[in-house]
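Reviewing the structure listed below.
The basis for the numbers below is simple: all heavy atoms, side chains too, and nothing from hydrogens, waters or symmetry mates. Owing to the predicted nature of the structure, the values given are computational and were not obtained by experimental measurement. Here, residue 1 is the first one in the sequence, and each next residue gets the next number.
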Amino acid sequence: MNTFEQKSNSLGIELGSTRIKAVLAAPDGTVLASGAHDWQNRLEGGYWTYHLDDVWAGIQDAYAQLKADYRSRYGQPLQTVGALGVSAMMHGYLPFDKAGHQLAAFRTWRNTTTLPAATALTERFHFNIPQRWSIAHLYQAILNGEEHVRDVAFLTTLAGYVHWQLTGKKVLGIGDASGVFPIDSARCDYDAAMLASFDELLAQNGLPYHLRDLLPTVLCAGQEAGSLTEAGARLLDPTGDLPAGIPVCPPEGDAGTGMAATNSVAARTGNVSAGTSVFAMVVLERPLQQVHPEIDMVTTPDGRPVAMVHCNTCTSDLDGWVSLLGEMTAAAGVTLTKTQLYTLFYQKALAGAPDCGGLVSFNYFSGEPVTGLTEGRPLFVRRPDADFTLANFARAQLYACMATLKIGLDILFGQERVTVDDLLGHGGLFKVPVVGQKLLAGALGVPVSVMQTAGEGGPWGMALLAGYRLHRQAGQTLEEYLRDAIFANAEGSTVQPDAADSRGFAAFLQQYTRCLAVERAAADAMQ
């Protein structure tokens, strides 16, 4: 593949919670090469954070691995791409002063320290402002009297920061921007009335700026978002192989890339992304009737309104138990790969009782706003007479990944009567075939589909958005591009809800809800 042919490909980079991954895709979406770098957040000064030095070390490592993978597959160096894009975990707080200096440690989506601010803004705007949104973090810093707030000149997300450093442009894709401040989808911009309302709060606190002046410019998918500068090219690829001038699409959040990766940008479509956190998104046909603190209003990458149920924790506790069982097999002299361990554990879950035999598990590594917890403690609970088997235990761990999501979606499907034709699943929960898909369909009571591309996830979705920026025809919408150019011949499987699974999960969830008091007590007691 010569340099001319390489210019038809698109590069997506996503900074997830535990992995930074780079994916190179052909014009039809075929994955050509990939690279990854593992990283972890840190709890410092009471906040979950990542250091920005680690951001660049991880990006450079992931891209270097992608280059090596490309050379290994095709026998030639990767010298350029046609377009690229960056996405990252949404929300959080990254403030900078006029000189571009970071004013406070990056406060991630995982922090649940903004309840007073989120509550006050929700009441003021008559619009749900979740604790993890950037505006909640800013207002909480103001309420806390933090000295740095007077010097804030630019506030962005992790994806917006990386894009800024690569291109010099202070912009955000509309999906990522919808986790910063409420969006007016008709105008593809922040809500003007709410901006004015927040400016009143700034004035009341004696702060010398308007909110709009702090926030990145909002862009929809396909719009011009700058190009790779010389300095940006060196940040991404210190070897000097990658040239400046490559078009860069609007930076997006992991919600938007999940929608792209599952072809869930049209009305009545939805997807569930299940990894370190779990969230479900449904593209709406009409506005919701009420404000619900359990449901966020975000957008697709092209600006359509989306109802989102976001839960802070999903597979972290399950991963811990699988790792522990792996230690047991190793101690017994049996060597199993990570894939073998997960496959065995998931298959055992299928053999468990539909209601888990009286076992209840909480996977809360942090607070969980959907259930009203400000802190979390992983917790396993059972009655003395419970049927304590490995199969029931495994099923309880998987059910724990779905329970809080179900509580939120019951509001959407029940009270708001939102209709979704199908939910597309992607992320770590679905890497073992069928199991997570089957149990989630039973839990939610809706069909769950998984495409063969589900394992590619958000970085691939970002590569598709970069491809849309590069290849879209005049007047071609994102929905049309994904449908016709990427997913026209996509293969996958759909699992319908099983009645026995649905009844069993309902019984599990009843016990789970009753035991929330135990989880609260554990969080209070184990400080």
Side-chain angles (χ1 to χ4, degrees), residues 112 115 118-133 136 178-179 182-183 185 191 194 255 259 264 266-274 277-300 304-314 364 367-373 399-425 439-448 496-497 499 501-517 519-520:
T112 51
L115 181 60
T119 302
L121 292 177
T122 296
E123 293 175 355
R124 186 179 185 90
F125 295 159
H126 304 290
F127 185 97
N128 183 35
I129 304 296
Q131 290 193 56
R132 64 189 180 280
W133 278 25
S178 70
I183 289 292
S185 289
D191 186 283
M194 294 185 201
M259 292 182 227
S264 302
R268 294 171 64 103
T269 63
N271 75 90
V272 174
S273 175
S277 64
V278 59
F279 49 85
M281 294 170 290
V282 178
V283 185
L284 298 178
E285 297 178 282
R286 56 169 178 79
L288 298 184
Q289 299 175 23
Q290 299 179 42
V291 176
H292 302 279
E294 302 88 351
I295 298 175
D296 307 352
M297 291 304 302
V298 293
T299 77
T300 62
R304 291 190 180 188
V306 173
M308 176 181 185
V309 177
H310 183 284
C311 308
N312 282 347
T313 44
C314 184
Y364 293 179
E368 192 52 78
V370 172
T371 48
L373 275 83
Y399 273 2
C401 296
M402 307 167 185
T404 311
L405 183 70
K406 168 66 171 175
I407 292 170
L409 284 175
D410 277 349
I411 297 169
L412 197 61
F413 297 151
Q415 296 180 32
E416 290 286 349
R417 300 193 179 280
V418 169
T419 301
V420 61
D421 296 326
D422 191 17
L423 283 175
L424 278 293
L439 296 184
L440 185 64
L444 302 184
V446 297
V448 175
Q496 300 292 330
D501 287 344
S502 296
R503 289 192 299 270
F505 185 84
F508 170 87
L509 191 64
Q510 187 176 48
Q511 292 285 348
Y512 182 95
T513 304
R514 290 173 179 169
C515 289
L516 278 168
E519 171 67 20
R520 288 191 182 92

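Here the shortest heavy-atom pairing between Glu294 and Val370 reads CG-O, 3.9 Å. Across all their heavy atoms, Thr299 and Val306 have their closest contact at C-CG2, 3.7 Å. Closest non-hydrogen pair, Met194 versus Phe125, comes out as O-CE2, 3.7 Å. Between Gly445 and Pro497, the closest heavy-atom pair is C-CG, 3.5 Å. Between Gln289 and Glu416 the shortest heavy-atom distance is N-OE1, 2.9 Å. Residues Val272 and Ala280 share a closest heavy-atom pair of CG2-CB, 3.9 Å.
When side chains are defined from C-beta on, Leu516 counts as touching Leu373, because their heavy atoms get closer than 4.5 Å. With a 4.5 Å cut-off on side-chain heavy atoms, Phe279 and Cys314 do not count as touching. Between Glu368 and Cys311, the closest side-chain pair of non-hydrogen atoms falls below 4.5 Å. Side-chain contact check for Ile183 versus Asp191: every heavy-atom pair is 4.5 Å or farther apart. At least one side-chain heavy atom of Leu288 sits under 4.5 Å from a side-chain heavy atom of Met297. Taking 4.5 Å as the limit, every side-chain heavy atom of Ser185 sits out of range of all side-chain heavy atoms of Arg304. Residues Pro305 and Thr300 have side chains not in contact (no heavy-atom distance under 4.5 Å, counting atoms from C-beta outward). Side-chain atoms of Trp133 and Val298, non-hydrogen and from C-beta on, do get closer than 4.5 Å to each other.
With sequence neighbours left out, the side-chain hydrogen bond (donor to acceptor under 3.5 Å, both in side chains) criterion links Ser277 to no other residue. Scored by the side-chain hydrogen bond (donor to acceptor under 3.5 Å, both in side chains) test, Arg124 finds Ser197, Glu200 as partners (sequence neighbours excluded). With sequence neighbours left out, Asp501 forms a side-chain hydrogen bond (donor to acceptor under 3.5 Å, both in side chains) with Arg395, Lys438. Partners of Arg520 according to the side-chain hydrogen bond (donor to acceptor under 3.5 Å, both in side chains) rule, which considers only residues two or more places apart in sequence or in another chain, do not exist here. By the ring pair (Phe, Tyr, Trp, His ring centres under 6.0 Å) test, Phe413 is found to be paired with no residue, residues two or more places apart in sequence or in another chain being considered.
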Using atom types as modelled, flag every donor-acceptor pair under 3.5 Å from a side chain in residues 401-409 to any protein atom, sequence neighbours excluded.
unit_1 : atom_1 : unit_2 : atom_2 : d
Thr404 : OG1    : Tyr364 : OH     : 2.9
Thr404 : OG1    : Tyr512 : OH     : 3.1
Lys406 : NZ     : Asp410 : OD1    : 3.0
Lys406 : NZ     : Ala443 : O      : 3.3

side-chain contact (heavy atoms from CB on, under 4.5 Å) between His310 and Met281, worked out: CA-CA 9 Å; His310 183 284; Met281 294 170 290; over 6 Å; no

Intermediate values then yes/no, side-chain contact (heavy atoms from CB on, under 4.5 Å), Val420 and Arg268: CA-CA 5 Å; Val420 61; Arg268 294 171 64 103; 5.8 Å; no

side-chain contact (heavy atoms from CB on, under 4.5 Å) between Ile295 and Ile411, intermediate numbers included: CA-CA 8 Å; Ile295 298 175; Ile411 297 169; 3.7 Å; yes

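Side chain of Ser264 to main chain of Thr269: no donor-acceptor pair is present (N/O by atom type, distance under 3.5 Å, no hydrogens or angles). A donor-acceptor pair is defined here as one N or O able to donate and one able to accept, closer than 3.5 Å; such a pair exists between the side chain of Asn312 and the backbone of Gly367. Of the possible polar contacts, one joining the Gln131 side chain to the Leu115 backbone as a donor-acceptor pair under 3.5 Å is found.
Taking the six-membered ring where the residue is Trp, Phe505 and Tyr399 present perpendicular rings, their angle passing 60° and hence far from 30°.
Distance CG/Asn271 to CE/Met308: 9.0 Å, rounded to 0.5 Å. Leu424 contributes atom CG, which lies 12.5 Å from atom CE of Met259 (distance to the nearest 0.5 angstrom). Expressed to the nearest 0.5 Å, how far SG of Cys515 lies from CG of Leu509 amounts to 11.0 Å.
Within 6.0 Å of the CZ atom in Arg417, the count of heavy atoms belonging to other residues, nucleotides or ligands does not exceed 12.
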